[in-house]
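Here's the structure, in structure tokens; my notes come after.
In what follows, every chain begins at residue 1, and chains take the letters A, B, ... in the order their sequences are listed.
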There are 2 protein chains.
Amino acid sequence: MNATKEFIIVESSKLFLRKNFKEVTMQEIVQKTGLSKGAFYHHFKSKEELFTEVLNYFFTHVFVHNYEAYSTESFYAFYHDYANAVQNIGKRYLENMKDEENSFFNMNYFTLIFDALRIFPDFRQTVVTGFKAEIEIWKSVIGKARANGEIQSSMTDEEIAMTFISLSDGIAMHMIVRGIRINEVRDIFLNLWDKLYEQIKV
Amino acid sequence: MNATKEFIIVESSKLFLRKNFKEVTMQEIVQKTGLSKGAFYHHFKSKEELFTEVLNYFFTHVFVHNYEAYSTESFYAFYHDYANAVQNIGKRYLENMKDEENSFFNMNYFTLIFDALRIFPDFRQTVVTGFKAEIEIWKSVIGKARANGEIQSSMTDEEIAMTFISLSDGIAMHMIVRGIRINEVRDIFLNLWDKLYEQIKV
DNA sequence: CATTACAGACCGAACAGTCGGTTTAAAATT
DNA sequence: AATTTTAAACCGACTGTTCGGTCTGTAATG
């Protein structure tokens with residue numbers, strides 16, 4: 001990809017972490033990139049096209065889990081690796097803000113998704129596919145842990161997976177609303193995960 | 001409150017369940033209400049003022065729990081009452097949409113809060129206060145259940161409360177993204193709540 | 001008949017996007 | 001090596017439209 005185009009995506013992605021699609025103006029984008037409107041429209045056919053690229057950037061470079069790197073030795077090791085990765089995602093998220101005056105995030109993983117769904121209804125399929133893939137990975141680790149005798153529960157693998165994932169998402173959302181520091185979120189849901197784990201470990 | 005003003009709030013609230021603040025235009029508001037611009041600005045000094053009233057309407061008439069009505073006999077009865085109330089909230093939410101062609105909700109409890117936080121930073125305090133009050137109610141019911149010998153857990157009352165609340169919120173968010181029918185959300189998280197309950201009940 | 005409620009023409013600002021033209025640098029030609 | 005050609009990158013004034021909001025006039029109300 002063209003370097004300038006990539007530069008525009010990365011720079012304007014910072015704007016989309018503070019305001020939603022409608023609130024970010026072309027004027028702000030050209031100001032942030034230091035380019036002109038003509039230059040922008042040379043690389044993108046519309047503001048919407050930029051936004052699709054920004055979303056793609058977020059979901060392939062920022063809000064992304066590298067599951068291959070997580071231990072599948074035990075469920076315990078797996079979800080601890082996952083929690084640490086969430087911490088790193090938070091750090092990448094904050095890096096996108098360090099050149100802003102008021103380092104307060106008004107958009108987040110969830111609002112970005114809902115904003116995108118409103119503008120691009122087809123985006124739903126992409127998100128749902130991603131969710132399902134994530135659940136499958138958790139299920140397989142959990143199933144293995146159950147077979148190993150690491151854990152034991154009346155819940156199905158899928159129920160355990162959904163409980164862990166949804167709990168962390170719910171906690172994250174509450175903490176974002178409360179304005180808590182991103183790095184503290186991990187500790188809060190990891191503590192609860194450990195407590196849940198205690199109840200299912202053999 | 002003036003009947004026309006209330007009518008404007010209720011009618012335009014339906015628009016704010018489909019689009020965010022910036023996306024909803026004055027033209028749509030006057031069209032939806034069948035009134036004129038002059039009439040609107042006779043009752044409200046700005047679009048923002050309307051939005052504060054709409055938010056107030058949502059959080060006092062739609063997205064609201066009537067905790068006094070919930071059983072505090074047992075934690076089990078309490079969270080079942082809560083889950084049923086969530087069902088009713090979902091129904092009220094859907095009622096606001098029945099006169100629209102495409103009955104698909106693009107805004108929800110969470111996006112509304114985040115939209116509001118961006119426009120009215122002071123709204124955070126209101127939301128956080130509400131969250132804390134909710135947790136306190138749960139904590140007291142859980143504490144009582146523990147004292148009664150209904151439940152037993154290595155988790156603190158607050159941890160149990162946060163686990164239950166955040167889990168249902170996380171589930172709701174996932175299900176909204178998936179486009180699942182609102183009424184099914186209750187069954188999904190209530191099932192998980194029951195499983196968690198099984199593990200802490202004496 | 002004074003006040004409230006409403007209508008709708010109207011306003012300037014802001015919006016996304018366009019367009020004619022300039023700069024830059026590499027490729028082609030002499 | 002010097003000159004010409006070509007194309008991509010970029011510029012910013014400009015366009016048509018829509019935005020939230022105002023203003024003046026009229027109808028209803030009590």
When rounded to whole Å, the CD to P distance for the pair A:Glu23 and C:dA14 reads 16 Å
With a 4.0 Å cutoff (strictly under), does any side-chain N or O of B:Lys37 reach OP1 or OP2 of D:dG21? no
Hey, does the side chain of B:His43 come within less than 4.0 Å of C:dT4's phosphate (OP1/OP2), counting only N and O? no
Would you say A:His42 reaches D:dC10's phosphate, i.e. side-chain N/O to OP1/OP2 under 4.0 Å? no
B:Phe51 vs B:Phe21 aromatic rings, parallel, tilted or perpendicular, using cut-offs 30° and 60°? tilted
Side-chain atoms of B:Met26 come closest, of D:dA9, D:dG20, C:dA16, to D:dG20
Atom-to-atom span, CG of A:Asn20 to P of C:dC15 - whole angstrom: 13 Å
At under 4.0 Å, does any side-chain N or O of B:Tyr41 touch on OP1 or OP2 of D:dT22? no
Base, sugar-phosphate, or nothing for A:Val24, non-hydrogen atoms under 4.0 angstrom? sugar-phosphate
What integer distance in Å separates A:Phe21:CZ from C:dC15:C1'? 12 Å
Nearest-Å distance for atom pair NZ/C1', residues A:Lys22 and D:dC19: 9 Å
Heavy-atom count around B:Glu49 CD within 6.0 Å, excluding the residue itself: above 12? yes
May I ask you to evaluate whether B:Ser46 reaches the phosphate of D:dG20, defined as a side-chain N or O under 4.0 Å from OP1 or OP2? no
From D:dG20, C:dA7, D:dC11, nucleotide with atom closest to A:Leu35 side chain: D:dC11
Give me the ring orientation class for B:Phe75 and B:Tyr79: parallel if the planes are under 30° apart, tilted from 30 to 60°, perpendicular past 60°. perpendicular
In whole Å, what is the span from the CD atom of A:Glu48 to the P atom of C:dA16? 11 Å
Separation of D:dC10 P from A:Phe40 CZ (nearest whole Å): 13 Å
Smallest heavy-atom separation, A:Ile142 atom then A:Ala161 atom, equals CD1-N, 3.6 Å
Phosphate OP1/OP2 of D:dA8: any A:Asn2 side-chain N/O under 4.0 Å: no
Within less than 4.0 Å of OP1 or OP2 of C:dA16, is there a side-chain N or O belonging to A:Gln27? no
Kindly indicate whether the side chain of A:Val127, heavy atoms from C-beta on, has any atom under 4.5 Å from the side chain of A:Arg124. no
Rounded to the nearest angstrom, tell me the gap between atom CD in A:Glu49 and atom C1' in C:dA16. 14 Å
Rounded to the Å, how far apart are A:Lys47 NZ and C:dG17 P? 8 Å
